[in-house]
Amino acid sequence: MIRRALCFPSFIRKSLLIPPVISPYSNSSSKIGAYNGYASQTSSLEHFGHGQLNPYGNIHLSPSAAVLNYGQGLFEGTKAYRKENGQLLLFRPEQNAIRMKSGAQRMCMEAPSVDQFVNALKQTALANKRWVPPPGKGSLYLRPLLIGSGAVLGLAPAPEYTFLIYASPVRNYFKEGSAPLNLYVEENFDRASRRGTGSVKTISNYAPVRTCIPDYVPVLMAQLRAKKNGFSDVLYLDSATKKNLEEVSSCNIFIAKGRCISTPGTNGTILAGITRKSVIELARDHGYEVEERAVAVDELMEADEVFCTGTAVGVAPVGAITYQNTRMEYKTGSGTICQELYNTLLGIQTGVIEDKKGWIIEID
Ligand SMILES: Cc1ncc(COP(=O)(O)O)c(C=O)c1O
């Protein structure tokens, strides 16, 4: 195995040259600063060198980089929030670090340590502080990426890895009064298969071809097709039986009946969302019974409420689901469990509700 010497500068550039952002609080693709770290393929995770802050820009990759040829890549997503006093808050960033580490193991990749990951997040958020929207207006989305950047021709793990983070301001996913989600249950093709990588946040899960119909349809296309037909997103079923709920394209799903909340268990085919885990804990604190188990698609007929959880959406109400030409509608709005949990979670994330769980890291 080729071991590359690490020769990456270990300084943090003090003043960032930030290119102009047209609409700082928009949901646009303006990304404004990046943190890079590199590792050679060695036996120790500590071989990630110190990263550096750079203005957002293109990165150089060999055409034979493992990520380009064999999809050896992972990503994460988290947000920095601005508190009323100006301080920045990160929500459970170590959970993203841990998830990236376990994903890296599955993908035969080297990963930064939890400390390296969290420090890089802090630095990137702080360097972009002026782009963090005011309280109530949005947040700074932080996107850590781990890629097999080393060149490799035959199928094998990359000899070198790059870890970087970029950032973009985003507005609240749901504007006041915006419509609840309108989901479509996809039966023709799958997001993940048993013993596959559904539980890993790998880049190769998001535009794959996994279909059981002859005219193959990539998953991204499923989402686009659903949107074209007026749906907000696709709800996937398990690939083995087509009887149980899995998750939505980029968020987890919950159903509520009375004071009982159920969500599919993390059995390897769905992503173990950090919001999911937090919402389960908050719901139990609020006195709800929460079950993690196989949730039959037929249970959608009986549910009072359905909601989704994820970093992007927070806790999002589902107003309707269409399954086999039947449209089912659910309670949304004031007085719902979804709204109660949304308010609690966002309150903690933005420092409005006291964090008694040690979930928040204050930076600056
Ligand atoms: C497939 C999938 N499921 C669920 C989630 C929600 O995970 P989290 O709550 O950690 O953002 C995401 C987003 O990261 C996702 O991509």
Side-chain angles (χ1 to χ4, degrees), residues 27 71 73-81 90-103 106-107 114 117-118 121 139-146 165 168 170 172-174 181 183 186 189-193 196-208 210 218-220 222-223 226 232-239 244-255 263-283 290 292 295 306-316 318 338 341-342 344-346 348-349 357 359-360:
N27 218 349
L74 294 166
F75 71 101
E76 275 298 330
T78 188
K79 287 175 172 174
Y81 300 86
L90 293 175
F91 181 71
R92 310 189 78 176
E94 76 295 340
Q95 295 292 320
N96 297 90
I98 292 166
R99 188 164 68 185
M100 180 169 271
K101 267 175 79 104
S102 75
R106 176 67 175 81
M107 301 287 286
V114 172
F117 183 104
V118 173
L121 269 182
S139 53
L140 185 74
Y141 183 77
L142 295 155
R143 166 58 63 83
L145 269 182
L146 180 64
I165 300 173
S168 175
V170 290
N172 289 342
Y173 202 82
F174 292 106
L181 297 175
L183 301 179
E186 180 55 69
F189 53 100
D190 310 321
R191 195 197 82 92
S193 56
T197 55
S199 63
V200 178
K201 207 161 164 61
T202 167
I203 59 171
S204 51
N205 274 350
Y206 291 80
R210 278 201 199 95
V219 167
L220 259 186
Q223 194 193 39
S232 336
D233 213 328
V234 173
L235 171 56
Y236 291 100
L237 301 180
D238 75 288
S239 64
N244 298 316
L245 304 184
E246 292 257 281
E247 60 183 327
V248 181
S249 303
S250 57
C251 43
N252 296 114
I253 188 115
F254 288 72
I255 66 168
T263 190
T266 50
N267 59 4
T269 53
I270 67 165
L271 192 80
I274 294 158
T275 321
R276 173 188 179 280
K277 179 173 170 171
S278 310
V279 162
I280 289 173
E281 198 171 324
L282 292 175
V290 183
E292 294 179 71
V295 180
V306 178
F307 55 88
C308 293
T309 62
T311 298
V313 299
V315 188
V318 176
C338 172
L341 296 173
Y342 172 82
T344 308
L345 180 71
L346 193 67
I348 295 172
Q349 287 171 329
K357 295 178 176 292
W359 285 352
I360 295 298

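Ligands are counted one by one from 1 in listed order, and the atoms in each one are counted from 1 as well.
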Short N or O separations between ligand 1 and the protein, below 3.5 Å:
from	atom 1	to	atom 2	distance (Å)
ligand 1	3 (N)	E247	OE1	2.5
ligand 1	9 (O)	I274	N	3.2
ligand 1	9 (O)	T275	N	2.9
ligand 1	9 (O)	T275	OG1	2.6
ligand 1	10 (O)	R99	NH1	2.9
ligand 1	10 (O)	R99	NH2	3.1
ligand 1	10 (O)	I274	N	2.8
ligand 1	11 (O)	T311	N	2.9
ligand 1	11 (O)	T311	OG1	2.6
ligand 1	14 (O)	K201	NZ	2.6
ligand 1	16 (O)	K201	NZ	3.2
ligand 1	16 (O)	Y206	OH	2.5

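- Residues L282 and I348 form a side-chain contact, since some pair of their non-hydrogen atoms from C-beta on lies under 4.5 Å apart.
- At least one donor-acceptor pair under 3.5 Å links the side chain of N252 to the backbone N or O of L271.
- Counting only heavy atoms from C-beta outward, the side chains of K277 and I274 never approach each other to under 4.5 Å.
- Ring-plane geometry between F307 and F254 is classed as parallel, the angle between the planes falling under 30 degrees on a 0 to 90 degree scale with a further cut at 60.
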Output, in order, the C-alpha distance, side-chain angles, deciding distance and verdict of salt bridge (Lys or Arg N to Asp or Glu O under 4.0 Å) for E281 and K357.
CA-CA 10 Å; E281 198 171 324; K357 295 178 176 292; 3.0 Å; yes
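- For K79 (side chain) and T311 (main-chain N/O), a donor-acceptor pair under 3.5 Å exists by modelled atom type.
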